[in-house]
Amino acid sequence: KSAGEQLDQKSRNYLDTIQGAAHRMSRLVDDLFTFSRIGQTQMYHLSLSLKDITEEVIHDLRQETEGRNVEWVMGDLPDVAGDSVMLWQAMTNLISNALKFTRTKARARIEVGARNDGREHTIFVRDNGVGFDPQCAEKLFGVFQRLHTEEFEGSGVGLANVRRIVERHGGKV
């Protein structure tokens, strides 16, 4: 028998609050560990298909799309030199954010693409979600910087991980 059955509603609410807080703290610790590890891990520079990595990420996140109407638009993505695990992590963070912030839309549209100006590739993930104030764009990629704190879950570390990964690859956000 569960002890929870013997508790009154107020006590069960306390336990739910404690359980939720413990889950969020566990996720934060995991995210901070990932952030720290990204800065210290040896990188492997391999020739990689960013298209293949992106398709793998979309496949890995398919549970988050169940019961949703998500239109995926995949542009031409380049082959790049980089660390496959780190690039997978960066694309996972970007695409999972797009999924999270389009959750309130009846039809989500998520576009992943690239542009090349002859010198460098610009990779982007675009969506039709809630958006953010462009004046706050720089803040988004800092640790614990969140613009939508109440409506959407998150630790505030994901985009900081993206920045660290991109910078370790010699790029910029």
Side-chain angles (χ1 to χ4, degrees), residues 27 30-31 33-35 37-39 41-143 145-149 151-173:
R27 181 157 182 187
D30 288 346
D31 288 348
F33 177 70
T34 299
F35 182 75
R37 192 178 67 235
I38 288 169
T41 302
Q42 179 181 351
M43 287 181 50
Y44 297 95
H45 292 279
L46 305 170
S47 179
L48 303 166
S49 165
L50 202 52
K51 181 178 191 252
D52 289 349
I53 290 171
T54 301
E55 287 174 348
E56 180 182 345
V57 167
I58 291 169
H59 181 265
D60 292 346
L61 295 172
R62 67 189 176 281
Q63 278 189 308
E64 293 185 35
T65 64
E66 285 181 12
R68 293 185 57 191
N69 185 358
V70 178
E71 175 189 3
W72 294 100
V73 179
M74 182 83 73
D76 289 332
L77 293 171
D79 290 343
V80 296
D83 185 281
S84 62
V85 174
M86 287 188 189
L87 292 176
W88 177 88
Q89 181 70 54
M91 294 307 291
T92 297
N93 287 10
L94 292 169
I95 293 170
S96 64
N97 269 8
L99 285 168
K100 176 177 24 176
F101 292 112
T102 58
R103 207 172 34 222
T104 60
K105 297 289 185 181
R107 180 183 174 124
R109 184 176 196 277
I110 300 172
E111 181 181 359
V112 183
R115 289 186 300 274
N116 187 326
D117 64 5
R119 295 174 307 145
E120 64 185 6
H121 294 288
T122 300
I123 311 301
F124 61 86
V125 176
R126 236 187 315 241
D127 63 67
N128 66 337
V130 296
F132 59 89
D133 182 346
Q135 293 178 329
C136 299
E138 183 61 30
K139 287 176 58 175
L140 284 176
F141 291 88
V143 179
Q145 298 299 314
R146 301 191 62 231
L147 299 182
H148 302 284
T149 55
E151 311 104 303
F152 299 96
E153 73 284 349
S155 65
V157 180
L159 292 179
N161 283 337
V162 170
R163 169 178 263 161
R164 185 169 269 192
I165 290 166
V166 169
E167 289 174 351
R168 290 226 34 216
H169 282 82
K172 61 185 180 221
V173 173

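Quick caveat: nothing in here was measured; it's all calculated off a predicted structure. Computed from heavy atoms alone, side chains included, the values below leave out hydrogens, waters and symmetry copies.
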Legend entry - Check against side chain to side chain donor-acceptor pair (under 3.5 Å), Arg68 and Thr102: CA-CA 10 Å; Arg68 293 185 57 191; Thr102 58; 2.8 Å; yes
Inset, instruction - Could you walk me through whether Glu66 and Arg62 pass the salt bridge (charged side-chain N to carboxylate O under 4.0 Å, His left out) test, one step at a time? - result: CA-CA 7 Å; Glu66 285 181 12; Arg62 67 189 176 281; over 6 Å; no
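Of the N and O atoms on the side chains of Asp60 and Trp88, at least one donor lies less than 3.5 Å from an acceptor on the other residue.
Counting heavy atoms from C-beta on, the side chains of Val112 and Ile95 come closer than 4.5 Å. The closest side-chain heavy-atom distance from Ser49 to Val80 is not below 4.5 Å. A heavy-atom distance below 4.5 Å is found between the side chains of Leu159 and Asn97. When side chains are defined from C-beta on, Trp72 counts as touching Thr65, because their heavy atoms get closer than 4.5 Å. Looking at Ile110 and Leu99, their side chains come closer than 4.5 Å, going by heavy atoms from C-beta outward. Contact annotation: the side chain of Thr54 approaches that of Leu77 to within less than 4.5 Å [non-hydrogen atoms, C-beta and beyond]. Using a 4.5 Å heavy-atom threshold, the side chains of His169 and Met86 count as touching.
The pair Lys172-Glu120 meets the salt-bridge criterion, since a charged nitrogen lies less than 4.0 angstrom from a carboxylate oxygen. The pair Glu111-Arg109 meets the salt-bridge criterion, since a charged nitrogen lies less than 4.0 angstrom from a carboxylate oxygen. Ion pairing between a basic and an acidic side chain is recognised when a charged N comes within 4.0 Å of a carboxylate O; Lys51 and Glu55 show such pairing.
The number of heavy atoms from other shown groups lying within 6.0 Å of CG (Asp76) does not exceed 12.
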